[in-house]
Engineer: 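Can you read through this structure? Questions will come right after.
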Amino acid sequence: MKGFEYLQQELDQMKEQGTFRRLVPLESEQDARVVINGKEVIQLSSNNYLGLTNHPKMKQAALESVEKYGVGTGSVRTIAGTLSMHEEFEQKLAKFKHTEACLVFQSGFSTNQGILSAILTDKDVVISDELNHASIIDGIRLTKAARRIYKHVDMEDLEAALKETQEYRKRIVVTDGVFSMDGNIAPLPKIVELAEKYDALVMVDDAHASGVLGENGRGTIDHFNLNGRVHIQVGTLSKAIGVLGGYIASTETLRNYLIHKGRPFLFSTSHPPAVIAASSAAVDVLLDEPEHMERLWENTRFFKEGLQALGFDTGISETPITPVIVGDDALTHKLSDRLLELGVFAQGIAFPTVAKGKARVRTIVTAKHTKEDLQAALDAFEKAGKELGIL
Ligand code: PMP
């Protein structure tokens, strides 16, 4: 069909520059090792931090819920698509997060997209870290509020932003808890201190910290003992929880407000029973089986130190997200392709996901990797790195 030649031209250009990417289908379940093109390889690209995507208790809970409640809900939450299990799960999640209330959205992305436009007007201002996730950036684009972007984790610039914006009705400081491309943790104690000093709200996107940091994986707020001092915590059910979805953990007022005004919540069909049942079982796993988180951190230390000992630039990572910073987009993709030939699936990430000149192969270990898996991956990184002149 004719009509998209202008888009094809752009794609052809990407092919010439070596930045055109194909989707990589897994031919197995998501795990520490996966099958790609008929070959078993070590998975270092998923957000399956705790290996819960196939946890037996979660699979069982999902299967039982399908038997009892079927596969879909047939409606948005606000019309006819709220099952009692949705509400029970939200109460359980709120208790887990030490907050008054929770509200589940269809994805972490739509959670971030929906909040700011719902609660802010042109009398307000959003103050946002420059490296916040795309869903926060899109969320900001959808508000009528003014915006002030501060330099990445730069607390002097944040304070300057708070000083400059005192005439607005409401100010909200928004940050990722763990930054998804560099794996560094936001300086939340200072952010909260400044927000309190200047009377601003704080919103933290804990997508990469839930299940990873804090007691039993409660996230960065718990990690820094800031419970009760962050107004909006955003989490996902898609990463360490191993299923799909996003949520806010906050007050009853915000929950009720978003039920009325959060557009992605209002206008999109609710999660099927299996998603909620498996996510609910995941909270029990976080509470009852701390060994997954312990294993995750052991593996993180082993792998990060291994990459650094080989001489790779792993940037400022403090978490299981460890980037191997290469710089050049095409060279990054070459490294990723060579790693796959050597039995390691570690995706290259280039512009526009990261800044130009900052392309990287991003690695994420999981609790399920064995030391043998990780050593084999390090050996592959060493070989590919030397072949390509990165080491
Ligand atoms: N926030 C951050 C920081 C993320 O990394 C992601 C996932 N890429 C999301 C939100 C979106 O979450 P989800 O995949 O559940 O839509």
Side-chain angles (χ1 to χ4, degrees), residues 21 23 30 44-50 52-53 89-90 93 97 102-117 126 128-142 149 152-153 173-186 188 191 202-214 217 219-221 223 230 232-250 262-265 268-272 275-276 278-279 282-283 316-323 347-350 352-354 360 362-364 366:
R21 305 305 287 164
L23 300 178
Q30 185 64 276
L44 282 181
S45 284
S46 82
N47 297 307
N48 185 24
Y49 292 104
L50 300 174
L52 300 192
T53 48
F89 173 55
E90 285 168 344
L93 202 51
K97 296 287 282 186
C102 264
L103 188 68
V104 170
F105 284 66
Q106 284 72 7
S107 71
F109 199 100
S110 68
T111 311
N112 278 332
Q113 254 189 344
I115 297 170
L116 298 172
S117 55
V126 186
S128 176
D129 188 290
E130 67 180 339
L131 292 191
N132 278 342
H133 189 254
S135 53
I136 295 178
I137 296 170
D138 285 9
I140 292 173
R141 288 183 182 145
L142 290 172
I149 310 301
H152 182 49
V153 299
V173 180
V174 186
T175 182
D176 282 5
V178 169
F179 289 89
S180 56
M181 291 301 140
D182 288 298
N184 56 318
I185 306 173
L188 278 193
I191 292 175
V202 180
M203 167 171 150
V204 176
D205 176 358
D206 245 356
H208 291 280
S210 308
V212 174
L213 286 167
T220 45
I221 286 90
H223 170 75
V230 166
I232 307 174
Q233 297 183 45
V234 173
T236 70
L237 306 172
S238 339
K239 300 183 192 292
I241 296 289
V243 194
L244 175 73
Y247 62 90
I248 58 116
S250 181
R263 290 172 67 85
F265 176 87
S268 190
T269 295
S270 57
H271 277 317
V275 169
I276 297 300
S279 301
V283 175
I316 51 174
S317 166
E318 305 165 80
T319 67
I321 300 173
T322 307
Q347 282 275 28
I349 298 182
T353 310
V354 294
R360 70 219 29 215
R362 186 181 65 160
T363 69
I364 300 181
T366 73

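Remember, it's 1-based here, ligands and their atoms both numbered in the order they're listed.
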Engineer: When only distance counts, is Ala207 in polar contact with ligand 1, meaning an N/O pair under 3.5 Å?
Structural biologist: no
Engineer: Please could you name the atoms of ligand 1 that His208 approaches to less than 4.0 Å, counting only its heavy atoms?
Structural biologist: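 Going through ligand 1 atom by atom, the ones under 4.0 Å from His208 are 3 (C), 4 (C), 5 (O).
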Engineer: Any sub-3.5 Å donor-acceptor pair from Asp206's side-chain atoms to Gly235's backbone N or O?
Structural biologist: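 Side chain of Asp206 to backbone of Gly235: no pair is present.
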Engineer: For His133 and ligand 1, does the shortest N/O to N/O distance drop below 3.5 Å?
Structural biologist: yes
Engineer: Okay, side chain of Asn132, backbone of Val174: is any donor-acceptor separation there less than 3.5 Å?
Structural biologist: yes
Engineer: May I ask you to identify the nearest protein heavy atom to atom 13 (P) of ligand 1, giving residue, atom name and distance to one decimal place in Å?
Structural biologist: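 For this ligand atom, the closest protein heavy atom is Gly108 N, 3.4 Å.
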Engineer: Show me which atoms of ligand 1 lie under 4.0 Å from any heavy atom of Gly245.
Structural biologist: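 Answer, ordered by atom number: 15 (O).
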Engineer: Would you mind checking which non-hydrogen protein atom is closest to atom 7 (C) of ligand 1, with the distance to 0.1 Å?
Structural biologist: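 Nearest neighbour among protein heavy atoms for atom 7 (C) of ligand 1, to 0.1 Å: Lys239 NZ, 2.5 Å.
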Engineer: Checking the side chain of Arg360 only, and the main-chain atoms of Met181 only, is there a donor and an acceptor separated by less than 3.5 Å?
Structural biologist: yes
Engineer: Is Val178 close to ligand 1, meaning an N/O of one under 3.5 Å from an N/O of the other?
Structural biologist: no
Engineer: Should one rank Asn112, Val234, Thr236 by closest heavy-atom distance to atom 12 (O) of ligand 1, which comes out on top?
Structural biologist: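 It is Thr236 that holds the nearest heavy atom.
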Engineer: Main chain of Val104, side chain of Glu90: is a donor-acceptor contact present, judged purely on distance under 3.5 Å?
Structural biologist: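 Pair found, side chain donor or acceptor close to backbone of Val104.
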Engineer: Test your reading of the model: is there a side-chain donor-acceptor pair from Thr53 to the backbone of Gln30, 3.5 Å cut-off?
Structural biologist: yes
Engineer: Taking only heavy atoms of Ser107, which atoms of ligand 1 are found under 4.0 Å from at least one of them?
Structural biologist: 15 (O), 16 (O)
Engineer: What's the shortest distance from atom 16 (O) of ligand 1 to any protein heavy atom, and which residue and atom give it?
Structural biologist: Phe109 N, 2.9 Å
Engineer: Below 4.0 Å from any atom of ligand 1, is there a heavy atom belonging to Ala134?
Structural biologist: no
Engineer: So Arg362 and Ser180, do their side chains get closer than 4.5 Å, heavy atoms only?
Structural biologist: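 The answer is yes; the side chains approach within 4.5 Å.
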Engineer: Yes or no: does Ser135 have any heavy atom under 4.0 Å from an atom of ligand 1?
Structural biologist: yes
Engineer: Kindly compute the distance separating CZ (Phe105) from OG1 (Thr236), expressed to the nearest 0.5 Å.
Structural biologist: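 Going from the CZ atom of Phe105 to the OG1 atom of Thr236 covers 14.0 Å.
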Engineer: Looking at side-chain heavy atoms only, is the closest gap between Val204 and Leu188 below 4.5 Å?
Structural biologist: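 A side-chain contact exists here, since the closest heavy-atom pair is under 4.5 Å.
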Engineer: With heavy-atom distances below 4.0 Å as the criterion, list the atoms of ligand 1 near Ser238.
Structural biologist: 13 (P), 14 (O), 15 (O)
Engineer: At a 4.0 Å threshold, what atoms of ligand 1 neighbour a non-hydrogen atom of Asp205?
Structural biologist: 1 (N), 2 (C), 3 (C), 10 (C)
Engineer: Applying side chain to side chain donor-acceptor pair (under 3.5 Å), run through Asp182 and His152 and close with a yes or a no.
Structural biologist: CA-CA 11 Å; Asp182 288 298; His152 182 49; 5.0 Å; no
